[in-house]
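What you see is a predicted model, and the numbers here were worked out from it, not measured in a lab.
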Amino acid sequence: MSDYIFLFDLDSTISKKEILPTISSKVGKQKEMRNLTEATMRGEIPFKSSFLNRVELLKEIDVSEVSSMVSSIPLNEGIADFIRQNKDRCFVLTGNLDVWINGLMDKLGLKNHVYCSKANVKNNRITQVISVIDKEMMVKQFVQPLVVIGDGDNDSGMARHADIAIGFGGVRNIAPSLLATIDYAFYDDRRCGEFLKTLL
């Protein structure tokens with residue numbers, strides 16, 4: 001039995017939709033959010049500054065409402081099932097905010113297996129983003145052999161430090177910078193989940 005640890009991106013890897021653009025429809029900011037998200041995925045805008053701008057667009061929505069929306073977002077079940085069945089060896093690394101994704105992480109059984117950005121909340125509103133995750137830096141904290149699964153430009157740093165790097169393009173195109181780094185690419189979540197099982 002291998003001793004791989006599996007590190008997953010969240011948006012468009014575990015989830016069937018980009019989380020922030022989905023939420024932005026609530027406040028009519030889809031176009032601004034889509035433009036920021038697409039430019040970030042292509043590596044045209046640094047993740048941290050883009051993320052802070054995207055949070056700014058959504059700050060007027062109650063945190064509890066966003067959390068509820070995120071908890072009910074559809075998942076790529078082939079990948080999500082693998083995580084549920086192997087949650088002791090699976091971790092999520094996402095730029096998304098803890099206060100938005102905690103409910104979804106509970107549903108996946110990964111409450112204590114997530115590394116994400118963090119925010120302060122007062123009266124059900126975000127008052128301040130206190131940290132934005134650096135995925136590449138987080139990956140370096142793991143000493144076990146790693147399998148990394150993601151889709152975006154900000155996953156390419158993780159992939160460079162992985163023993164096996166996988167791009168998942170079932171929701172959107174795999175970012176060019178990630179495509180240049182990965183060992184495998186999948187465009188169907190069931191096939192991706194089946195392949196992950198072979199690594200056990």
Side-chain angles (χ1 to χ4, degrees), residues 1-16 18-19 40-41 43 47-48 51 70-71 73-118 131-172 174-175 177-200:
M1 189 172 181
S2 82
D3 53 356
Y4 286 123
I5 293 291
F6 297 84
L7 308 182
F8 293 86
D9 169 50
L10 176 57
D11 286 61
S12 300
T13 300
I14 298 173
S15 70
K16 261 192 193 300
E18 284 281 348
I19 290 172
T40 308
M41 292 292 293
F47 177 81
K48 184 173 181 178
F51 181 71
V70 173
S71 294
I73 211 155
L75 304 179
N76 288 306
E77 286 299 333
I79 293 171
D81 284 347
F82 175 85
I83 291 171
R84 292 185 193 105
Q85 291 162 20
N86 302 281
K87 51 195 174 193
D88 55 324
R89 295 168 64 176
C90 294
F91 293 82
V92 170
L93 274 68
T94 175
N96 249 303
L97 291 174
D98 54 347
V99 296
W100 286 346
I101 66 167
N102 282 342
L104 177 56
M105 293 301 102
D106 281 351
K107 273 177 71 173
L108 284 169
L110 294 181
K111 187 175 182 180
N112 299 313
H113 278 220
V114 58
Y115 296 91
C116 60
S117 304
K118 298 184 185 302
S131 67
V132 177
I133 191 174
D134 180 328
K135 289 186 176 184
E136 185 170 6
M137 192 170 77
M138 286 308 312
V139 165
K140 293 177 183 176
Q141 314 303 310
F142 288 86
V143 295
Q144 304 94 325
L146 298 176
V147 178
V148 164
I149 304 98
D151 72 321
D153 178 73
N154 72 323
D155 297 319
S156 56
M158 287 204 300
R160 281 194 292 273
H161 298 282
D163 297 274
I164 298 175
I166 299 169
F168 179 68
V171 177
R172 53 157 63 251
I174 298 168
S177 61
L178 181 61
L179 210 47
T181 312
I182 55 176
D183 303 297
Y184 302 93
F186 289 92
Y187 298 87
D188 176 90
D189 62 297
R190 298 281 171 194
R191 285 190 172 186
C192 187
E194 289 302 319
F195 178 73
L196 293 175
K197 288 175 189 171
T198 70
L199 301 177
L200 294 171

- Task: Using a 4.5 Å cut-off on heavy atoms from C-beta on, say whether the side chain of K87 contacts that of H113.
- Result: no

- Message: I'd like to check the salt bridge (Lys or Arg N to Asp or Glu O under 4.0 Å) partners of D9; sequence neighbours left out, ordered by chain and number.
- Response: K135

- Does some side-chain heavy atom of V99 sit less than 4.5 Å from a side-chain heavy atom of K118? no

- Item | Nearest heavy atoms of P145 and D163, plus distance in Å | CA-OD2, 3.1 Å

- Is any side-chain heavy atom of I166 less than 4.5 Å from a side-chain heavy atom of V147? yes

- Donor-acceptor contact below 3.5 Å, side chain S15 vs main chain S12: yes

- Results of ring pair (Phe, Tyr, Trp, His ring centres under 6.0 Å) for F47 - residues two or more places apart only: F51

- Message: Quick one: does any side-chain atom of N76 pair with a main-chain N or O of I79 as donor and acceptor, under 3.5 Å?
- Response: no

- Do the side chains of V92 and I14 get nearer than 4.5 Å, heavy atoms only? yes

- Message: Are the side chains of F91 and I5 in contact, using a 4.5 Å heavy-atom criterion?
- Response: yes

- Message: Show the nearest heavy-atom pair for residues G169 and Y187, with the distance to one decimal.
- Response: O-CD2, 3.4 Å

- Message: Donor-acceptor check, side chain of S156 to backbone of G152, threshold 3.5 angstrom: yes or no?
- Response: no

- Contact check, side chains of F8 and L196, non-hydrogen atoms, under 4.5 Å: yes

- Message: Quick check: closest heavy atoms across F168 and D188, and the distance to 0.1 Å?
- Response: CE1-C, 3.6 Å

- Heavy-atom closest contact (L146 atom, F142 atom, distance): CD2-CB, 3.7 Å

- Begin with the C-alpha distance, continue with both residues' side-chain angles, and end with the deciding distance and a verdict on side chain to side chain contact (heavy atoms under 4.5 Å, CB included) for I101 and V114. CA-CA 10 Å; I101 66 167; V114 58; 3.9 Å; yes

- Message: Using side-chain heavy atoms (C-beta onward) and a distance below 4.5 Å, is T94 in contact with I19?
- Response: no

- Task: Check ring pair (Phe, Tyr, Trp, His ring centres under 6.0 Å) between Y184 and all other residues, then give those that pass, not counting sequence neighbours.
- Result: F195

- From CG (L10) to CD1 (I149), nearest 0.5 Å: 12.5 Å

- Item | Stepwise side chain to side chain contact (heavy atoms under 4.5 Å, CB included) test for D155 and L93 | CA-CA 9 Å; D155 297 319; L93 274 68; over 6 Å; no

- Query: How many angstroms lie between OG1 in T13 and CG in D189, if you round to the nearest 0.5 Å?
  - Reply: 11.0 Å

- Are K16 and E77 close enough, and set up right, to give a salt bridge (Lys or Arg N to Asp or Glu O under 4.0 Å), and what steps lead you there? CA-CA 9 Å; K16 261 192 193 300; E77 286 299 333; over 6 Å; no

- Using the side chain to side chain contact (heavy atoms under 4.5 Å, CB included) rule, take L179 and T181 through it: C-alpha gap first, then chi angles, then the decisive distance, then the call. CA-CA 5 Å; L179 210 47; T181 312; over 6 Å; no

- Go through the structure and list residues passing ring pair (Phe, Tyr, Trp, His ring centres under 6.0 Å) with F82, not counting sequence neighbours. F6

- Start with the C-alpha gap between L104 and L75, add the side-chain angles, then the distance that decides, and say whether side chain to side chain contact (heavy atoms under 4.5 Å, CB included) holds. CA-CA 10 Å; L104 177 56; L75 304 179; 4.0 Å; yes

- Got a second to check how far K107's NZ is from I83's CD1, nearest 0.5 Å? 13.0 Å

- Message: Please find the pair of heavy atoms, one from C90 and one from L110, that lie closest to each other, and give the distance.
- Response: O-CD2, 3.5 Å

- Item | N86 side chain vs R89 backbone, donor-acceptor pair below 3.5 Å | no

- Task: Go through the structure and list residues passing salt bridge (Lys or Arg N to Asp or Glu O under 4.0 Å) with D81, not counting sequence neighbours.
- Result: R84, R190

- Message: Nearest 0.5 Å, please: how far is CD in E136 from CE in M158?
- Response: 10.0 Å

- Exercise: identify the closest heavy-atom pair between C116 and L97: SG-C, 4.5 Å

- Identify, with sequence neighbours excluded, every residue that meets salt bridge (Lys or Arg N to Asp or Glu O under 4.0 Å) alongside K197. E194

- Query: Is there side-chain contact between Q144 and Y4, with at least one heavy-atom pair below 4.5 Å?
  - Reply: no

- Message: Return the OG to OH distance between S131 and Y115, rounded to the nearest 0.5 Å.
- Response: 13.5 Å

